[in-house]
Amino acid sequence: MNPIKKIKKYLHTYLPFTRAGIQAAMVFRTNFIAWFVGDIVYCLVMYYIWLAVFNASGEGMMNGFTMTDMTVFLFITAMTRFLTDSDGSYDVGEEVKDGNIAMRLIKPVSFHSTFLFTEIGWKLLTFGLIFAPVVIGVEIYKYNAYGGFSLDIAAFLLYLISMIMSYLFSFYMNVCFGFMAFFLKNLWGFNIIKSSVLRFLSGAIVPLALMPGALRQVLEWMPFSSLCYTPVMIYMGKYAGSEIALRLAIQFGWVIGFYFISKLILSTALRHVTVQGG
């Protein structure tokens with residue numbers, strides 16, 4: 001079949017899942033707003049914690065970060081996490097628990113693509129409602145702090161590319177984790193532990209640049225830095241030139257790696273399917 005026709009057929013099959021995702025996001029908009037407000041409150045709490053740390057240290061800069069940099073880091077990281085976090089592990093786990101996974105498996109569609117395109121619907125709505133206000137707010141803050149416009153358009157576009165790869169990596173990694181439900185049946189507690197560990201390892205709580213040297217190098221090469229630290233560093237201009245190319249290559253490599261790992265785990269997990277609900 002002609003490649004263009006294959007793409008059209010693929011999109012014709014899965015775009016309805018995206019529309020369903022948008023409709024679901026609109027139905028549960030209260031949860032959506034609550035999560036966003038919670039992230040803003042978290043940023044404000046972290047802002048005052050870091051302000052106290054900088055004041056106590058008596059230094060204007062820590063490992064290349066000023067307090068202004070840290071403020072930008074906190075809010076751009078929160079927005080990036082909000083846009084790139086995937087509910088793949090939760091969705092797969094819930095469908096295994098209530099038995100709906102059986103209906104999904106018998107349909108003549110890709111298991112991964114149905115989840116992916118449904119979640120893209122949520123992300124499109126999230127992007128439209130949150131991305132512009134947060135970026136504008138951060139740039140106004142930077143303008144007041146630096147006394148001039150400082151947004152690098154090239155770095156911003158690379159940030160968007162990096163953020164897309166962050167989401168794809170997050171999706172496939174969470175789907176891999178979600179497949180554990182085929183064996184454990186309930187992932188609720190494991191999801192809480194996973195989220196807490198990933199928030200630290202991805203540099204969302206403490207920038208990896210502030211970690212001890214050896215630990216920082218290990219974490220920067222591990223897949224978790226691809227979740228939010230890499231795109232945020234690109235946005236802030238902390239990476240440049242060949243360093244950006246290297247970080248994007250690492251992200252792309254982990255996306256491809258976890259894509260194939262998810263396929264392998266699914267083929268193994270399907271041999272252990274037992275339906276509890278339905």
Novice: Quick check, are the ring centers of Y235 and Y159 under 6.0 angstrom apart?
Specialist: yes
Novice: Are V135 and L160 connected, step by step, through hydrophobic side chains (Ile, Leu, Val, Met, Phe, Trp, Tyr) whose heavy atoms are closer than 4.5 Å?
Specialist: yes
Novice: In terms of hydrophobic clusters joined by side-chain contacts under 4.5 Å, are L151 and V138 together?
Specialist: yes
Novice: Which atom pair, heavy atoms only, marks the closest approach of S170 to N174?
Specialist: O-ND2, 2.7 Å
Novice: Check the pair V232, F75 against side chain to side chain contact (heavy atoms under 4.5 Å, CB included), reporting the backbone distance first and the verdict last.
Specialist: CA-CA 10 Å; V232 172; F75 283 91; over 6 Å; no
Novice: Stepwise, does the side chain to side chain contact (heavy atoms under 4.5 Å, CB included) test hold for S86 with E119?
Specialist: CA-CA 8 Å; S86 172; E119 200 164 81; 2.7 Å; yes
Novice: Quick check: do K263 and Y259 have side-chain heavy atoms less than 4.5 Å from each other?
Specialist: yes
Novice: When you group the ILVMFWY residues by side-chain heavy-atom contacts below 4.5 Å and let the links chain together, are M79 and V45 in the same group?
Specialist: yes
Novice: Answer yes or no: is there a side-chain heavy-atom contact under 4.5 Å between E139 and I136?
Specialist: no
Novice: Between CE of M67 and CZ of F54, what distance do you get to the nearest 0.5 Å?
Specialist: 6.5 Å
Novice: About how many Å separate CD1 of I205 and OG1 of T77, when rounded to the nearest 0.5 Å?
Specialist: 11.0 Å
Novice: In terms of heavy-atom contacts, does OH of Y146 have more than 12 from other residues, nucleotides or ligands at under 6.0 Å?
Specialist: yes
Novice: Is the number of heavy atoms from other residues, nucleotides or ligands under 6.0 Å of Y10 OH greater than 12?
Specialist: yes
Novice: List the atom of K123, the atom of L83, and the distance in Å for their closest heavy-atom pair.
Specialist: CD-O, 3.1 Å
Novice: Is atom CZ of F156 surrounded by more than 12 heavy atoms (other residues, nucleotides or ligands) closer than 6.0 Å?
Specialist: yes
Novice: With a 4.5 Å limit on heavy-atom distance, are the side chains of I76 and M236 in contact?
Specialist: no
Novice: Which residues satisfy the side chain to side chain contact (heavy atoms under 4.5 Å, CB included) test with L246, sequence neighbours excluded?
Specialist: W221, E243, I250
Novice: Can you see which heavy atom on T80 is nearest to which on P231, and at what distance?
Specialist: CG2-CG, 4.0 Å
Novice: Just wondering, are more than 12 heavy atoms of other shown residues or ligands nearer than 6.0 Å to CZ in F252?
Specialist: no
Novice: Go through the steps for L219 and F224 under the test side chain to side chain contact (heavy atoms under 4.5 Å, CB included), then give the verdict.
Specialist: CA-CA 7 Å; L219 291 179; F224 313 113; 5.7 Å; no
Novice: May I ask you to test the P207-W50 pair for a side-chain heavy-atom distance under 4.5 Å?
Specialist: yes
Novice: Please check: side-chain N/O of T118 versus main-chain N/O of T18, any donor-acceptor pairing under 3.5 Å?
Specialist: no
Novice: Flag the pair M163 / Y167 as yes when at least one side-chain heavy-atom distance between them is below 4.5 Å, and no otherwise.
Specialist: no
Novice: Is there a side-chain contact between F169 and L227 (heavy atoms, below 4.5 Å)?
Specialist: yes
Novice: I want to check something: taking the side chain as every heavy atom from C-beta on, are S225 and T230 in contact at a cut-off of under 4.5 Å?
Specialist: yes
Novice: Measuring only between side-chain heavy atoms, which start at C-beta, is R199 closer than 4.5 Å to R81?
Specialist: yes
Novice: Hydrophobic clusters here meaning ILVMFWY residues chained together by side-chain heavy-atom distances under 4.5 Å, can you tell me if I256 and L264 are in one?
Specialist: no
Novice: To the nearest 0.5 Å, tell me how far L116 CG sits from F171 CZ.
Specialist: 4.5 Å
Novice: Please check if the side chain of Y172 supplies one atom and the backbone of F260 the other of a donor-acceptor pair under 3.5 Å.
Specialist: no
Novice: Is it the case that K238 places NZ or CZ above or below the six-membered ring of F65, under 6.0 angstrom from the centre and within 45 degrees of the axis?
Specialist: yes
Novice: Supply the atom-to-atom distance L11 CG to S113 OG, rounded to the nearest 0.5 angstrom.
Specialist: 10.5 Å
Novice: Which atom names give the shortest non-hydrogen contact between M222 and W254, and what distance separates them?
Specialist: C-NE1, 4.0 Å
Novice: Just verifying a value: how many Å separate L168 CG and Q251 CD, rounded to the nearest 0.5 Å?
Specialist: 10.0 Å
Novice: How many angstroms lie between atom CG of L210 and atom CZ of F73, to the nearest 0.5 angstrom?
Specialist: 8.0 Å
Novice: Under the criterion side chain to side chain contact (heavy atoms under 4.5 Å, CB included), which of I153, D152, I244 is the partner of L158?
Specialist: I244
Novice: Tell me the closest heavy-atom pair linking L208 and R216, and the distance in Å.
Specialist: O-CG, 2.9 Å
Novice: Checking N55 side chain against A52 main chain: does a donor-acceptor pair fall under 3.5 Å?
Specialist: no
Novice: Can I40 and V37 be said to form a side chain to side chain contact (heavy atoms under 4.5 Å, CB included), step by step?
Specialist: CA-CA 5 Å; I40 294 297; V37 171; 5.6 Å; no
Novice: Compare every heavy atom of M173 with every heavy atom of F258, then report the nearest pair and how far apart it is.
Specialist: CD2-CA, 3.8 Å
